[in-house]
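Note that these values count all heavy atoms, side chains included, but never hydrogens, waters or copies made by symmetry.
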Amino acid sequence: MNAKHLRESLRSSADPVIAEHSQRFFKTGKGEYGEGDRFLGIRVPVLRQHARQHRNIPIKQLLQLLRSGYHEERLCALLIMVLKYQSGTDEERETIFQHYLNNTRYINNWDLVDSSAYHIVGVHLENRDRRILHNLARSESLWERRIAIISTLHFIKKQQYEDTLRISRQLLDDTHDLIHKAVGWMLREVGNRDLSVEQRFLHEHYQSMPRTMLRYAIEKFPQKQRKAYLNGQV
């Protein structure tokens, strides 16, 4: 298995109708967050199948694929990196983690971040210094900021909420909708496990946090409670 063979396999699964839809869905127009991205037109379940079949591709070839101009090739490379990380030795995991952080410029859409960040960065930092996440949260790169907050999903699943809350505070004044959605989502995940933790955070910040962030955070609340938050009456 090599990158050339994987590219050929992906081309055989391409669908121009799906590609056209993806161009619109992932906001590839001028001035949009995915400006200039190109698509082959391959559904995610099919990409995951390709990733499993090509999981033995060497990491150096995967990095070539990660730098592709085609969205699905980058996503497939990341899915394989996740598989390699999950089955790798400590040394292999460290290598994958470092390559991931060194190539964030190519992890440049929300689905690329969401399908890889917490599986690699979150897991790797579980028992390590997590200051890198707080540095990423201050990045000028939208995608590095999203990596920072989404990586904490792994900690949330371990009932560790401090980093999620700290990074959420860092991102309260962020201007991008995709960060508002990501932070709200992570706060909701905290609340799914410990509602009191989420509610304490919201009580302190709900009146000043972006509306989209708040809506995502309270999505599972009872209707009456949601209205109270949205009307500033909590």
Side-chain angles (χ1 to χ4, degrees), residues 33 78-79 81-82 85-86 88 90 92-221 229:
Y33 61 75
L78 289 166
L79 293 174
M81 287 174 71
V82 169
Y85 186 91
Q86 291 172 340
D90 288 346
E92 289 167 339
R93 289 184 170 195
E94 179 65 30
T95 297
I96 291 168
F97 171 74
Q98 293 298 336
H99 281 312
Y100 189 94
L101 292 183
N102 290 337
N103 288 276
T104 54
R105 67 179 70 87
Y106 305 108
I107 308 170
N108 57 354
N109 216 309
W110 58 264
D111 63 321
L112 304 180
V113 173
D114 296 358
S115 60
S116 60
Y118 78 93
H119 291 294
I120 294 176
V121 180
V123 174
H124 200 75
L125 297 179
E126 180 178 345
N127 298 308
R128 293 178 172 87
D129 189 335
R130 300 175 185 177
R131 280 178 291 183
I132 181 64
L133 294 182
H134 303 278
N135 293 335
L136 289 172
R138 291 189 290 269
S139 172
E140 293 184 2
S141 164
L142 161 65
W143 307 117
E144 289 189 346
R145 299 197 305 275
R146 189 163 175 118
I147 287 170
I149 187 64
I150 296 299
S151 292
T152 70
L153 180 56
H154 178 73
F155 311 148
I156 294 170
K157 292 182 176 184
K158 299 290 184 178
Q159 288 77 50
Q160 300 171 17
Y161 310 125
E162 181 180 352
D163 290 283
T164 301
L165 300 180
R166 286 181 59 195
I167 292 172
S168 294
R169 288 189 186 94
Q170 285 182 255
L171 296 173
L172 282 174
D173 296 325
D174 201 284
T175 60
H176 205 288
D177 185 63
L178 286 177
I179 298 300
H180 301 168
K181 292 176 179 178
V183 172
W185 171 24
M186 291 303 102
L187 291 173
R188 187 173 72 239
E189 291 291 338
V190 170
N192 287 342
R193 292 159 178 83
D194 192 329
L195 186 58
S196 65
V197 173
E198 182 188 8
Q199 288 179 325
R200 283 196 297 271
F201 182 93
L202 292 177
H203 184 74
E204 183 179 355
H205 299 292
Y206 83 97
Q207 290 183 314
S208 60
M209 66 199 305
R211 199 72 164 177
T212 297
M213 187 184 296
L214 178 60
R215 287 185 180 276
Y216 269 63
I218 64 176
E219 185 178 281
K220 299 293 182 65
F221 285 17
Y229 273 104

Using the salt bridge (charged side-chain N to carboxylate O under 4.0 Å, His left out) criterion, which residues pair with [X]? Sequence neighbours excluded.
X	answer
R93	none
D177	K181
E144	none
D173	none

Qualifying residues under side chain to side chain contact (heavy atoms under 4.5 Å, CB included), relative to [X], sequence neighbours excluded:
X	value
R211	R215, L230
E140	none
N135	R138
D174	R145, L171, H176, I179

Quiz item: Is it true that the NZ or CZ of R130 lies under 6.0 Å from the centre of F155's six-membered ring and within 45 degrees of the ring axis?
Solution: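 Here R130 passes the 6.0 Å and 45° test against F155.
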Can I get a per-line list of side-chain donor-acceptor pairs under 3.5 Å for residues 117-124, giving both atom names and the distance, sequence neighbours left out?
unit_1: H124; atom_1: ND1; unit_2: Y85; atom_2: OH; d: 2.8
unit_1: H124; atom_1: NE2; unit_2: E94; atom_2: OE1; d: 2.7

Distance in Å, [X] [atom1] paired with [Y] [atom2], rounded so as to fall on 0.5 Å steps:
X	Y	atom1	atom2	value
D163	S151	CG	OG	10.5 Å
N192	K157	CG	NZ	11.5 Å
L202	R188	CG	CZ	12.0 Å
I149	R166	CD1	CZ	12.0 Å
E162	I167	CD	CD1	10.5 Å
Y33	L142	OH	CG	9.5 Å

Check whether any side-chain heavy atom of [X] lies under 4.5 Å from a side-chain heavy atom of [Y], and answer yes or no.
X	Y	result
H154	Q160	no
L172	M213	yes
L165	L187	yes
S115	L79	yes
W143	I107	no

Quiz item: Can you list every pair that meets ring-ring contact (aromatic ring centres under 6.0 Å, His included) and has a residue in residues 178-202, with sequence neighbours left out?
Solution: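 For residues 178-202: F201-H205.
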Least distance between heavy atoms, [X] atom then [Y] atom:
X	Y	answer
E126	K158	OE2-CE, 3.7 Å
A137	A148	N-CB, 3.7 Å
L101	L136	CD2-CD1, 4.3 Å
I156	M186	CD1-O, 3.6 Å
A182	R146	CB-NH1, 3.6 Å

Self-check item: Candidate pair L153 and E189, rule side-chain contact (heavy atoms from CB on, under 4.5 Å), full reasoning
Solution: CA-CA 8 Å; L153 180 56; E189 291 291 338; 3.9 Å; yes
Self-check item: Set of residues satisfying ring pair (Phe, Tyr, Trp, His ring centres under 6.0 Å) with respect to Y216, sequence neighbours excluded
Solution: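 Ring pair (Phe, Tyr, Trp, His ring centres under 6.0 Å) list for Y216, sorted by chain: empty.
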Quiz item: With F221, which residues qualify under ring pair (Phe, Tyr, Trp, His ring centres under 6.0 Å), at least two apart?
Solution: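 If we apply the ring pair (Phe, Tyr, Trp, His ring centres under 6.0 Å) test to F221, skipping adjacent residues, the hits are Y229.
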Quiz item: Would you call R200-E204 a salt bridge at under 4.0 Å N-O?
Solution: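 No, R200 and E204 are not salt-bridged.
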Self-check item: Steps toward side-chain contact (heavy atoms from CB on, under 4.5 Å) verdict (L125, F97)
Solution: CA-CA 10 Å; L125 297 179; F97 171 74; 3.9 Å; yes
Quiz prompt | R131 backbone acceptor or donor facing D129 side chain under 3.5 Å | solution =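 It does hold such a pair.
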Quiz item: With no hydrogens and no angle check, is any side-chain donor or acceptor of Q170 less than 3.5 Å from a backbone partner on H134?
Solution: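 Yes, the answer is positive, given that a donor and an acceptor are paired below the 3.5 Å cut-off.
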